[in-house]
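Since the structure comes first, as structure tokens, the remarks are kept for the end.
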Amino acid sequence: MENTNIIFSETDYKEYLEKLVYLEKDRIFCRHNLEHFIDMARICVILCYENKVDFDKDLVYSAALLHDIGRIKEIEDGTRHEIASAELTPHFLAATKFSEEDKKKIISLIKNHRNKKNPDKSLEKMFYMADKLSRYCFRCPARDKCNWSDEKKNLTIKY
Ligand SMILES: [Fe+2]
């Protein structure tokens with residue numbers, strides 16, 4: 001988990017995280033905070049085991065830490081956050097020891113984390129599913145106002 005912890009210890013990363021928490025402090029719907037990132041990473045790992053999909057834990061956690069970081073830009077100027085996150089990611093990966101191939105994979109996971117058409121049994125699909133499954137709809141006070149269909153909501157504990 002060396003690279004995950006390199007990213008997490010970066011001053012820039014901490015500042016982004018704090019800014020995002022501040023910008024979403026009054027948000028009644030799902031927030032994009034560290035708890036969400038870690039929940040998502042853990043669920044992605046479980047899904048990979050369940051679906052027999054190859055994965056690297058350090059790579060999955062690193063991608064999860066960065067996948068919503070572009071929410072700041074989305075709030076500020078409306079850019080879709082998967083695009084903004086993917087654009088910011090190389091900056092946060094610069095200090096890591098990931099190979100160029102791994103960095104490309106992380107960017108692909110982030111870019112596709114809201115893409116419903118990821119191929120079955122791909123790591124991108126597991127990452128996409130983990131993002132949704134990490135939400136606590138079953139205890140959310142804003143559940144009735146949320147635009148997710150009941151089918152999409154996690155109305156029971158699944159992971
Ligand atoms: Fe997310």
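Order of appearance sets the numbers: ligands from 1, and atoms from 1 within every ligand.
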Using a cut-off of 2.8 Å, how many protein N, O or S atoms sit around the Fe ion (ligand 1)? 4
Tell me, do Arg135 and Asp39 make a side-chain contact under 4.5 Å, heavy atoms counted? no
Ile107-Tyr16 co-clustered via ILVMFWY side chain contacts under 4.5 Å: no
Flag the pair Leu20 / Ile75 as yes when at least one side-chain heavy-atom distance between them is below 4.5 Å, and no otherwise. yes
State whether Tyr128 and Lys132 meet the cation-pi test: NZ (Lys) or CZ (Arg) under 6.0 Å from the six-membered ring centroid, and within 45° of the perpendicular axis. yes
Check whether NZ of the Lys or CZ of the Arg Lys14 lies under 6.0 Å from the centre of the six-membered ring of Phe8 and within 45 degrees of that ring's axis. yes
Single-linkage hydrophobic cluster Ile7~Leu34, side-chain heavy atoms < 4.5 angstrom: yes
